[in-house]
Amino acid sequence: MSQPLDPRTVLFISDLHLTAERPAQAELFRRFMADIAPQARALYILGDFFEAWVGDDDLTQTFHADIAATLKQYAEQGLALYFMAGNRDFLAGPALAEATGWTHLEDPCVIDLFGVPTLLSHGDAWCTDDDAYQAFRRQVRTPAWQQQFLAQPIDARHATARSIREHSEQAKTEKRPSIMDVNPEAVRQALGTARVTRLIHGHTHRPAHHVLEVQGTQAERWVLPDWYETGGYLVCTPEGCRLEMIP
Ligand code: LP5
Ligand code: MN
C-alpha cells in the first residue's frame with residue numbers, strides 16, 4: 001500500500017462495515033489511513049463505514065472511539081473529510097461528526113470534482129426493485145421511528161440491530177441478485193435531474209466503472225468496493241478516476 005498519489009488526489013471509500021468482530025478490516029483501514037489517505041487532499045466516505053450504528057452513545061465502545069480518533073487525527077492535519085450515511089449507519093449524528101472531524105453530507109449530493117459536477121450517493125435509494133427493502137427504508141428513516149429507537153437502552157438497540165441483520169441476511173438469500181442492484185432507470189433519472197455526467201456510489205459491493213447514456217450524453221458510474229475480503233478505493237485527479245484494490 002505505498003503507491004505514490006498525485007497530491008491533488010480526492011479519495012472515495014464505502015462499505016467498510018467496521019466492527020470489533022472483524023479486527024482485520026479495522027487494521028486494513030488503519031493502514032489505509034496511515035499510508036494512502038495522507039497523500040490525498042480529501043477523503044469521502046460514502047456510507048456503511050460501520051457495520052451497524054445504533055446511536056452516537058456507542059462511541060463509548062473503545063473500538064468505535066479508536067476508529068473515530070484515527071479519522072480525527074487526519075482531519076486535524078488538514079485532510080478534508082466527508083461522510084455520507086449508508087443503510088447501516090444512517091443514525092450517525094453530531095457527536096460522531098465531532099469525534100471524527102468529518103463533515104456530514106446529505107444523500108445524494110453534487111460536488112465539483114475538478115470541474116466535473118459529480119453526484120455522490122450511498123446507492124441504496126436506487127435499488128428501487130427491492131420493494132421489501134424500500135418499505136423498510138421508508139419506515140426507519142422517519143424522525144418519529146428514529147426518536148423511538150434512540151430512546152431505548154443501548155443493549156436493546158444492539159439486540160434489535162442484530163435481529164434486523166439476521167432478517168436481512170435471510171431475506172437476501174431469497175432475492176434475485178438483480179433486485180439488489182441499482183435500477184438503471186432510477187440512476188439515469190437521478191443523473192438527469194442533477195444534470196451531471198458522473199456518479200460515484202457504493203452499497204451494491206459490485207465495484208465497476210459503467211459508461212451509460214443520459215439524455216443523449218455519455219455519463220459514467222463508479223461503484224466502490226466493500227472491505228470484506230480486501231479493501232479498495234477510488235482515486236480521482238484532474239485526469240480522471242480509477243479504482244484501486246488493496247492487495
Ligand atoms: O446491509 P446489506 O447490504 O447487507 O443489506 C441491505 C438491506 N438490509 C438492510 C438492513 C441492514 O443490513 C441492517 C441495519 C442494522 C443497523 C441499523 C442501525 C439500527 C437501526 C435499526 C432499524 C430497526 O438495510 C437489504 C437489501 C440489500 O441491502 C441490497 O440492497 O436487500 O434489505 C433487506 O434485506 C430488508 C428486508 O428485505 C426486509 C426488512 C427486514 C427487517 C425486519 C425487521 C425485523 C424487526 C425485528 C425487531 C426486533
Ligand atoms: Mn449499504
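Just so you know, ligand 1 is whichever comes first in the structure, and atom 1 is the first atom listed for that ligand. Computed from a predicted model, the values in this text were never measured in an experiment.
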Check: Of the backbone atoms (N, CA, C, O) and the side-chain heavy atoms from C-beta on, which set of Ser163 has a member under 4.0 Å from an atom of ligand 1: side chain, backbone, both, or neither?
Finding: side chain

Checklist line | Under the salt bridge (Lys or Arg N to Asp or Glu O under 4.0 Å) test, residues paired with Arg195 that sit two or more places apart | finding: none

Next item on the list: Go through the steps to decide whether His201 and Val182 satisfy the test side-chain contact (heavy atoms from CB on, under 4.5 Å), and finish with yes or no.
Entry: CA-CA 10 Å; His201 73 86; Val182 294; 3.9 Å; yes

Next item on the list: Starting from atom 6 (C) of ligand 1, locate the nearest protein heavy atom and write down its residue, its atom name and how far away it is, to 0.1 Å.
Entry: Asn87 ND2, 3.4 Å

Notebook entry, point to check: Is Arg157 near ligand 1, meaning one of its heavy atoms is under 4.0 Å from it?
Noted result: no

Check: Looking only at heavy atoms of Asp130, does any of them come nearer than 4.0 Å to an atom of ligand 1?
Finding: yes

Note to self: I need the full list of side-chain hydrogen bond (donor to acceptor under 3.5 Å, both in side chains) pairs touching residues 69-87, with sequence neighbours left out, sorted by first then second residue.
What the structure shows: Asn87-His122, Asn87-His203

Notebook entry, point to check: Quick one: is the NZ or CZ of Arg88 closer than 6.0 Å to the six-membered ring centre of Phe50, and within 45° of its axis?
Noted result: no

Next item on the list: Select one of side chain, backbone, both or neither to describe which atoms of Trp53 lie under 4.0 Å from any atom of ligand 1, heavy atoms only.
Entry: backbone

Check: Any idea which part of Glu169 is under 4.0 Å from ligand 1, heavy-atom wise: side chain, backbone, both or neither?
Finding: side chain

Item checked: Structural part of Arg137 in contact with ligand 1, heavy atom criterion under 4.0 angstrom -> neither

Check: Taking atom 36 (C) of ligand 1 as the point of reference, which of His167, Gln170, His17, Lys175 owns the nearest heavy atom?
Finding: Lys175

Next item on the list: Measuring from the Mn ion (ligand 2), count protein N/O/S atoms under 2.8 Å, please.
Entry: 4

Item checked: Pair listing, ring pair (Phe, Tyr, Trp, His ring centres under 6.0 Å) test, anchored in residues 147-169, at least two apart -> Trp145-Phe149

